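Nothing here was measured: the structure is a model prediction, and the numbers come from that model. Start at 1 with the first residue, then count along the sequence.
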Amino acid sequence: MQIISSILNLQSFTVTDPKLLDILKQNQNRIKSMAMIHEKLYQSPNLVQIDFSDYLNSLTADLVYTYLIKDKGIEISLDLDKDIMLNIETSIPCGLIYSELLSNSIKHAFPNIKGKIEVKLKRLVDDFIMLRVSDNGIGLPQDIDFHKTDTLGLQLINNLVKQIDGTIELNKTGGTSFTIRFQELKYKKEFRSI
């Protein structure tokens, strides 16, 4: 995956169209988020789960670097419960969801203004986990139905939330806030008869 990411990075140096460059950058971020999960998994003592809070810290730092947000006056606040361990079946879709939500806030919430993005990862009752990405930016248009949109990012988010059997809520008060609630997926062994 690192090789694919490097190829996309090299390709981006030859692209002058801003829309195409943005598409390359988005796909590179998606690949990086998956590669980072595998890297964290290999570093994990049990090779089955990763510390998702630690992963979100690393992914956030990578996206901050990619989008040069300090130059744009965007502040990111992380409020992450410690030691939320997730298996790879849950980590990959959740990582992609987070990457999409954070990237969307960085790119669209603050066109010419400074602002703040808040990220929360909390363990709830009954083994549920809540991931929230909120910003105090310009907000989504009031008439948008994020469940029925033609943008790849929001379609991907909705499909990934379904994949983890989670729920997603949008709050448009004072900016944009997406809240995802889910439980760790249980690994199912495939039984194959010979």
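Contact of the V64 side chain with the I74 side chain is not registered, since no non-hydrogen atoms from C-beta on lie closer than 4.5 Å. Counting only heavy atoms from C-beta outward, the side chains of I168 and H147 approach each other to under 4.5 Å. Residues T179 and N171 are not in side-chain contact: their nearest non-hydrogen atoms beyond the backbone lie 4.5 Å or more apart. The side-chain heavy atoms of L59 and S99, taken from C-beta on, include a pair separated by under 4.5 Å. F52 is not listed as a side-chain neighbour of T90, based on a closest heavy-atom distance of 4.5 Å or more. Residues V161 and F178 form no side-chain contact, since every pair of their non-hydrogen atoms from C-beta on lies 4.5 Å or further apart. Looking at heavy atoms from C-beta onward, I113 lies in side-chain contact with I138 at the 4.5 angstrom threshold. Between D165 and L185, the closest side-chain pair of non-hydrogen atoms falls below 4.5 Å.
I144 and P141 get closest at one heavy-atom pair: CG2-O, 3.0 Å. Residues M85 and R123 share a closest heavy-atom pair of N-NH2, 4.1 Å. Across K114 and G73, no two heavy atoms sit closer than the pair CB-O, 3.3 Å. Between E100 and G153, the closest heavy-atom pair is OE1-CA, 3.3 Å.
Summarising the geometry, atom CG belonging to N159 is positioned 12.0 Å from atom CD1 belonging to I164; distances are rounded to the nearest 0.5 Å. Note that CG of N158 is 11.0 Å distant from NZ of K148, once rounded to the nearest 0.5 Å. To the nearest 0.5 Å, the span separating SG on C94 from CD1 on I84 amounts to 10.5 Å. Note that CZ of F146 and CD1 of I157 are 9.0 Å apart. Values are rounded to the nearest 0.5 Å. Interatomic distance, OH of Y98 versus CG of L63, reported as 7.0 Å (0.5 Å rounding). Here the straight-line distance linking atom CD1 of I129 with atom CG of L121 works out to 6.5 Å at 0.5 Å rounding.
Applying the side-chain hydrogen bond (donor to acceptor under 3.5 Å, both in side chains) criterion to K122, with sequence neighbours excluded, gives D79, D81. In this structure E184 satisfies the salt bridge (charged side-chain N to carboxylate O under 4.0 Å, His left out) test with no other residue, sequence neighbours excluded.
Classification of E89 and K186 as a salt-bridged pair fails, no side-chain N sitting under 4.0 Å from a carboxylate O. Checked for salt-bridge contact, K120 and E118 miss the test: no charged N lies under 4.0 Å from a carboxylate O.
Counted within 6.0 Å of CG on D145, heavy atoms from surrounding residues, nucleotides or ligands total more than 12; the atom is thus considered enclosed. Within 6.0 Å of NZ on K172 lie more than 12 heavy atoms contributed by other residues, nucleotides or ligands.
M130 is connected to F128 through a chain of hydrophobic side-chain contacts under 4.5 Å among Ile, Leu, Val, Met, Phe, Trp and Tyr, so both are in one cluster. No single ILVMFWY cluster, assembled from side-chain heavy atoms under 4.5 Å apart, contains both V119 and L124.
Defined by atom type and a distance below 3.5 Å, a donor-acceptor pair is present between the side-chain atoms of D135 and S105. T167 and R181 share no side-chain donor-acceptor pair at under 3.5 Å. In summary, the side chains of T60 and N57 do not present any donor paired with an acceptor at a separation below 3.5 Å, with no hydrogens or angles considered.
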